[in-house]
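Structure, as structure tokens:
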Protein chains: 2
Amino acid sequence: MMNEDSAPSDGGLPIAAVERETGISKDLLRMWERRYGFPQPARDAAGDRLYSAAQVGKLKQVRRLMDLGFRPGKLVGQSMAQLEALAQVHTPARVVPDVCAGLIDALSGHDALAVRELLRHRLFELGLRRFVGDFLAVANPLVGEAWMRGELRVYEEHLYSEEVKRVLRETLAGIPAGLQSPRVMLTTCPGEQHLIGLLMVEALLRLAGCDAIAFGTQMPLTDIASAAHKHRVDVVVLSFSASYEASPQTDVAVLDTLLPDGIEVWLGGAGCRGLKRLPARATLLTLDQLDACVSGWRERQPPAIAV
Amino acid sequence: MMNEDSAPSDGGLPIAAVERETGISKDLLRMWERRYGFPQPARDAAGDRLYSAAQVGKLKQVRRLMDLGFRPGKLVGQSMAQLEALAQVHTPARVVPDVCAGLIDALSGHDALAVRELLRHRLFELGLRRFVGDFLAVANPLVGEAWMRGELRVYEEHLYSEEVKRVLRETLAGIPAGLQSPRVMLTTCPGEQHLIGLLMVEALLRLAGCDAIAFGTQMPLTDIASAAHKHRVDVVVLSFSASYEASPQTDVAVLDTLLPDGIEVWLGGAGCRGLKRLPARATLLTLDQLDACVSGWRERQPPAIAV
DNA sequence: GTCAAATACTTGTCCTGTACAAAAATGAAA
DNA sequence: TTTCATTTTTGTACAGGACAAGTATTTGAC
């Protein structure tokens, strides 16, 4: 067991810390070292790895570029400057749509208040449905790309997502809970900590009059199943972000065996791209298909039960 | 690489899924298997482990009891029933204080709306400061203990924390952002996903007129440092829950080397118990010391700058 | 030349087994 | 009873091998 306390002042970060900072597993860090010779961390007295800040920084950059589709073998050999250039080139600044004007500036200006005001302004201007469907649907990837290009720092992206969550929750508080069917529960699978997509769906479901129950993120699959049963929900909504590590495919297959019959599963988010061979009860959908999906569900119900 | 898709329908869960479901690392799962003979998962065609639902359930129960102070060696040999009995005995139902009356019932009644109403009622009855300091400070551990005893399911605890977050955020939205010093940023270290403590602190700071900036959870330490610098904050508040896996000690030590001089670090939460040898800039505090801490900070500032 | 199938390469995760340091428990002395 | 030293327990680190899934590249038919 490495001595965690010896690390900070001097050499660098132990491997567990690097895993948490970069999201790259210990196994993989060791494998890259073996295969590519990078990163080649120093060692402490006990022979445990100690990664320098520079190595951790490069690892983060490599990881970003991998999310863009690059393979690690091509990346690890490059210098930090080359990697940054690569990120620049491959996420060309898109034309910022009018609705998002000023957003990136507000974020990089380190002014939390300005960001919040901007979001609120858009919300009142567009109304909740279009705020979600037109503004957030555009702004979220825009912020992600700006971060890829290095125009935004991690903490600025954190600030953005925190303020979006805040504004959405404030607003949801003002909408009386719908009581119509379908009764929907919202959550994410373990490891998926992105809540924004879930809140966006919740907003639209509330507007459609559905009885939506939010359970937050990261519910173990067995608990999703029993909660769905106990709360007598009709639909389980799961959101998968692009950075979801595990396989939505597997999650859905497991849930299919755990869930009682008659409960549907609706999946959304960038992490669902390329999903196939879904169980019969599962549906893949985008935000703008949600209303249609709710209507469709209502039509499928026996008239006696439908509201 | 195991075939994740073959698992769900038949035998059980692959080791990565069990790690995510139980929070027990792969390394440790294999170590327990070798040392204690439990869990002893089936194997797929490739020789990869496949854990049954029963094994995963027992692992979760073992983990709960370990949080109560039991050692794994004493636990793994016991049957599921014995483990449940143990949990019953060692978390005796406390006398439920009046303020919390009805809470557990509302949660186990699977009525999200009732929970929300109860929380709102307490909030209006007590006011924000006492809601945080008197109600939540009592209710949070109460819910945790009820879960330990098996009186609440995981999803009921999820529901509780989701509704608490919701009510707190609604309320925070109504308090104009304070603009007085100190300027405080709130976040948690990577791996710490509990937000409630942070929201409670934010509420109290806002009431004290502080300029509080919330960054959400799980910021890499390097980003905490640069955000603190760029946003020109005076204090970084970190919250550590009892279930924090990594070492707050190490985190603070690392931050101490990364943060610019003059920025203080305030630590709170159950995860801080037993912390010692803190850097000079770090302070350990509980909720009820927060006001005093803010006053203390203000007094320490040169009069010219103090507000 | 174009498309599709077969082949080769790349990459992530799993495996076994070992080692060791930190934490906890135990026992001895004050 | 408290304090200190010793033993046991426990978690995390290491090395290096294996292999399947995903990706690229070549081959071959049309």
Side-chain angles (χ1 to χ4, degrees), chain A residues 1-7 13-20 22-38 40-51 59 62-63 65-77 191 245-247 249-250 273-274 276-277, chain B residues 1-7 13-20 22-36 38 40-51 59 62-63 65-77 191 245-247 249-250 273-277:
Chain A
M1 192 183 288
M2 84 269 136
N3 179 351
E4 287 206 30
D5 290 332
S6 73
L13 269 58
I15 194 167
V18 176
E19 173 178 34
R20 283 186 306 141
T22 64
I24 302 167
S25 76
K26 290 174 244 196
D27 268 344
L28 193 47
L29 284 168
R30 287 190 279 253
M31 188 50 113
W32 283 5
E33 183 179 337
R34 204 189 324 168
R35 282 209 182 119
Y36 313 125
F38 176 85
Q40 206 143 85
R43 301 292 181 130
D44 68 6
D48 290 358
R49 293 170 174 79
L50 284 182
Y51 296 83
L59 283 169
V62 166
R63 198 162 196 297
L65 285 162
M66 283 173 62
D67 289 339
L68 262 106
F70 290 93
R71 320 276 311 262
K74 305 287 175 62
L75 296 172
V76 290
E245 298 274 337
S247 149
Q249 186 93 48
T250 311
R273 267 180 295 107
K276 52 203 166 187
R277 286 182 299 129
Chain B
M1 194 184 288
M2 84 272 134
N3 178 352
E4 286 203 33
D5 291 333
S6 73
L13 269 59
I15 194 168
V18 177
E19 173 177 34
R20 282 188 305 141
T22 64
I24 302 167
S25 77
K26 290 175 249 204
D27 270 344
L28 192 48
L29 284 167
R30 287 190 278 253
M31 188 51 106
W32 283 5
E33 182 180 337
R34 180 176 326 166
R35 282 206 183 124
Y36 313 125
F38 175 86
Q40 205 142 83
R43 301 291 183 130
D44 68 6
D48 289 359
R49 292 169 173 80
L50 283 182
Y51 295 83
L59 284 169
V62 166
R63 199 163 195 296
L65 286 162
M66 284 174 60
D67 289 340
L68 260 108
F70 290 92
R71 321 274 317 255
K74 306 286 174 63
L75 296 172
V76 290
E245 298 273 339
S247 150
Q249 187 92 47
T250 311
R273 267 180 294 110
L275 231 54
K276 51 202 167 187
R277 285 182 299 130

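In the text below, chain A, chain B and the rest are named by the order of the sequence lines, each starting its count at 1.
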With 3.5 Å as the limit, what N/O pairs link the protein to nucleotides 22-24 of chain D?
unit_1, atom_1, unit_2, atom_2, d
D:dT23, O4', A:Arg71, NH1, 3.4
D:dT23, O3', A:Arg71, NH1, 3.1

**Study point:** Length of the line joining A:Ile24:CD1 and C:dT11:C1', which is rounded to integer Å
**Key:** 13 Å
Study note, to complete from the structure: Rounded to whole Å, the CG-P distance (B:Asp48 to D:dA20) equals 9 Å
Practice item. Nearest whole angstrom, please: distance from the P of C:dG12 to the CD of A:Glu19. Key: 14 Å
Point to revise | Gap between atoms CG and P, on A:Leu28 and D:dA15 respectively (whole Å) | key: 15 Å
Review point. Yes or no on side chain to side chain contact (heavy atoms under 4.5 Å, CB included) for A:Arg71 and A:Met66, after CA distance, side-chain angles and deciding distance?
Key: CA-CA 6 Å; A:Arg71 320 276 311 262; A:Met66 283 173 62; over 6 Å; no
Check your understanding: Donor-acceptor pair under 3.5 Å: do we get one between B:Arg35's side chain and the base of D:dG11?
Key -> yes
Study note, to complete from the structure: Separation of D:dT10 atom P from B:Glu33 atom CD, nearest Å, is 17 Å
Practice item. Spell out yes or no: do the side chain of B:Arg30 and the base of D:dG11 have one donor N/O and one acceptor N/O closer than 3.5 Å? Key: no
Practice item. Go through the structure and list residues passing salt bridge (Lys or Arg N to Asp or Glu O under 4.0 Å) with B:Arg30, not counting sequence neighbours. Key: B:Asp27
**Study point:** N or O in side chain of A:Lys26 less than 4.0 angstrom from D:dT12 OP1/OP2
**Key:** no
**Study point:** Nucleotide C:dA19, atom C1' - distance to CZ of A:Arg43 in whole Å
**Key:** 14 Å
Exercise for review: Look at the side-chain N and O atoms of A:Tyr36 and state whether any lies under 4.0 Å from the OP1 or OP2 oxygen of C:dT10.
Suggested key: no
Using atom names, set out every protein N or O paired with an N or O of nucleotides 5-7 of chain D below 3.5 Å, distance rounded to 0.1 Å.
none

Check your understanding: Heavy-atom distance under 4.5 Å between the side chains of B:Leu29 and B:Leu59, does that happen here?
Key -> yes
